[in-house]
J.: 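Here it is, the structure, as structure tokens.
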Amino acid sequence: MSAPSRFDRGHTDDLMSFLASSPTPYHAVANAAERLEKAGFRQVAETDAWEGTAGGKYVLRGGAIVAWYVPEGAEPHTPFRIVGAHTDSPNLRVKPRPDTGAHGWRQVAVEIYGGPLMNSWLDRDLGLAGRLTLRDGSARLVNIDRPLLRVPQLAIHMDRNVSTEGLKLDKQRHLQPVWGLGDPVRDGDLIAFLEEETGLARGEVTGWDLMTHSVEAPAYLGRDRELVAGPRMDNLLSVHAGTAALAAVSASGADLSYIPVLAAFDHEETGSQSDTGADGPLLGSVLERSVFARGGSYEDRARAFAGTVCLSSDTGHAVHPNYAERHDPTHHPRVNGGPILKVNVNNRYATDGSGRAVFAAACERADVPFQTFVSNNAMPCGTTIGPITAARHGISTVDIGAAILSMHSARELCGADDPHLLANALVAFLEG
């Protein structure tokens, strides 16, 4: 995966393929790993002893991946340059007892994951994907990427107040999708269906992590095809850009003074507190083991961390043409205007002045314009993995991303040029 040129739509085409083939965090990290393998990276197991050899390596854990490239001659105290992102998106996830229904309708019981725009999941053809755990402890990815489920909205004739009072959805009662007709409760039917679809024997699946996704493909939009509509841009757009940047830097032959790293975590949308989340030990463990594998001491680890910088790359809010008053009046990020630097003095974002200088220098080297986002003072500010990474590891962290509309919708909107502008800035940052 080569470094994209400034207006290279080939990068955006590849992003669209990545989005379509990554309906879950498990698929996203598998696809990222496949791209890195083609760039010469090799997987290492956390249970094995690690060697301190040069080259590209990566660790997979659930829906998270940490990958790094050790250049020839790297010292144990060589600092890291990290691109951080997250692999999860708000959606509807299957409950432990999935088979349910009523009044002749067969349904799948789901739980709300994260903070989705729930109306965006109504009357949309949904597939089902995720991870199946088998009796022998192994895992199998599954992706039913065809219309299988649907959450039908109540007709306006039976909800006359919806036009004046707005749509009101009960998360428990109104978001359970239908997937057929007949006996509403036949325990085991959904899992048996998935076993058949994946060629597994009946009863072989003993655990599952399953979620719905829209089966509508990503697409260019607009008169001049200058926009892209698609699912899970928050935050697979950043995962894809970070993967492309790391692969490009590893193949560039540049004289690197840092060790470039990609850290894509799961569970950001629910607080990052898991063994695969940014608030867990995964990143710190990988970085420390890399130092120690190259013969380093705790002193070398402390020196490496002290010189490390992380770009926390997540999507941000482009100015909305119908709701411009919700934005700060002097900060209106535009799509196709380049990546955004995210600032909040209450540390909802980790950016400070020195971090801004690091990002500005990378964008200047890459000939990429950048913009700044700050929240309207009258509205609460969202957050990212940035402050978590900074606080947990004592690493200087800068929050950035690409500007989009419809964040947390089942289908989001970005500029067609912004994905490769972001990737180019990440290349320049990782090269240092």
Side-chain angles (χ1 to χ4, degrees), residues 12 15 84-86 89-90 114-120 166-167 220-224 226-238 241 268-269 271 311-353 355-360 362-363 368-388 390 397-423 425-426:
T12 305
L15 167 64
H86 69 87
S89 302
L117 288 171
M118 292 187 294
N119 62 291
S120 71
L167 181 65
Y220 286 105
L221 184 145
R223 184 193 67 179
D224 299 320
E226 59 196 335
L227 302 169
V228 174
R232 299 176 294 281
M233 292 182 183
D234 178 15
N235 185 33
L236 294 188
L237 190 158
S238 293
E268 188 271 350
E269 299 292 356
L311 288 189
S312 164
S313 182
D314 203 345
T315 53
H317 303 292
V319 62
H320 198 300
N322 300 334
Y323 300 91
E325 73 282 357
R326 305 293 180 93
H327 295 257
D328 182 86
T330 60
H331 295 80
H332 283 178
R334 297 172 179 264
V335 297
N336 287 336
I340 55 175
L341 181 74
K342 300 155 85 169
V343 178
N344 180 263
V345 296
N346 294 301
N347 289 326
R348 299 292 284 172
Y349 302 131
T351 306
D352 61 12
R356 184 188 193 282
V358 170
F359 184 60
C363 289
V368 167
F370 74 92
Q371 312 173 81
T372 305
F373 173 83
V374 64
S375 287
N376 186 308
N377 287 340
M379 301 186 70
C381 179
T383 191
T384 69
I385 66 167
I388 294 171
T397 304
V398 189
D399 273 297
I400 66 160
I404 70 170
L405 291 182
S406 306
M407 189 183 295
H408 285 200
S409 172
R411 195 168 177 84
E412 297 162 325
L413 186 70
C414 78
D417 294 330
D418 282 331
H420 57 257
L421 291 175
L422 173 63
L426 296 183

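Along the sequence shown, the residues carry numbers beginning at 1.
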J.: If you look only at distance, which donor and acceptor atoms sit under 3.5 Å apart when one is on a side chain in residues 316-327 and the other is two or more places apart or in another chain?
T.:
from	atom 1	to	atom 2	distance (Å)
His320	ND1	Asn322	N	3.1
His327	NE2	Ala318	O	3.4
His327	NE2	His320	N	3.2

J.: Under 3.5 Å, is there a donor-acceptor pair between the side chain of Asp417 and the main chain of Asn336?
T.: no

J.: Determine all donor-acceptor pairs shorter than 3.5 Å in which one atom belongs to a side chain in residues 401-409; sequence neighbours excluded.
T.:
from	atom 1	to	atom 2	distance (Å)
His408	ND1	Gly115	O	2.8
His408	NE2	Asp234	OD2	3.2
His408	NE2	Glu269	OE1	3.1
His408	NE2	Glu269	OE2	3.4
Ser409	OG	Arg411	N	3.1
Ser409	OG	Arg411	O	3.1

J.: Roughly how far, to the nearest 0.5 Å, is CZ of Arg232 from OG1 of Thr315?
T.: 13.5 Å

J.: Of all residues at least two apart in sequence or in a different chain, which pass the side chain to side chain donor-acceptor pair (under 3.5 Å) check with Glu268?
T.: His86

J.: For the residue pair Ala229 and Leu221, what are the closest heavy atoms and their distance?
T.: CB-CD1, 4.1 Å

J.: Shortest non-hydrogen contact from Ala425 to Pro339?
T.: CB-CG, 4.4 Å

J.: Just wondering, do Met233 and Val228 contact through their side chains at under 4.5 Å, heavy atoms?
T.: yes

J.: Which value, rounded to the nearest 0.5 Å, describes the distance between Thr330 atom OG1 and Asp328 atom CG?
T.: 4.0 Å

J.: Taking the side chain as everything from C-beta on, heavy atoms only, tell me whether Leu426 gets closer than 4.5 Å to Leu311.
T.: yes

J.: With sequence neighbours left out, what residues match Asn347 under side-chain contact (heavy atoms from CB on, under 4.5 Å)?
T.: none

J.: If the condition is side chain to side chain donor-acceptor pair (under 3.5 Å), which residues does Ser313 pass it with, not counting sequence neighbours?
T.: Ser238

J.: Can you sort out the partners of Asn376 under side-chain contact (heavy atoms from CB on, under 4.5 Å), two or more places apart, ordered by chain and number?
T.: Ala378, Met379

J.: Over all heavy atoms of both residues, which pair between Cys414 and Leu237 is shortest? Give the atoms and the distance, please.
T.: SG-CD1, 4.1 Å

J.: Would you name the heavy atoms of Ala410 and Ser120 that are closest together and state the gap between them?
T.: N-OG, 2.9 Å

J.: Decide yes or no on side chain to side chain contact (heavy atoms under 4.5 Å, CB included) for Leu227 and Val335, but give the supporting numbers first.
T.: CA-CA 8 Å; Leu227 302 169; Val335 297; 3.9 Å; yes

J.: Ser375: what forms a side-chain contact (heavy atoms from CB on, under 4.5 Å) with it, not counting sequence neighbours?
T.: Phe373, Cys381

J.: Rounded to the nearest 0.5 Å, how far does CD1 of Ile388 lie from OG1 of Thr383?
T.: 6.5 Å

J.: With sequence neighbours excluded, what pairs up with Asp399 under the side-chain contact (heavy atoms from CB on, under 4.5 Å) test?
T.: Ser312, Lys342, Tyr349, Ala350, Thr351, Thr384, Pro387

J.: With a sphere of 6.0 Å drawn around CG of Asp224, does it hold more than 12 non-hydrogen atoms of other residues, nucleotides or ligands?
T.: yes

J.: Measure across Leu422 and Ile400 and return the closest heavy-atom pair with its distance rounded to 0.1 Å.
T.: CD1-CD1, 3.9 Å

J.: Please, which pairs that meet salt bridge (Lys or Arg N to Asp or Glu O under 4.0 Å) have at least one residue in residues 372-383, sequence neighbours excluded?
T.: none

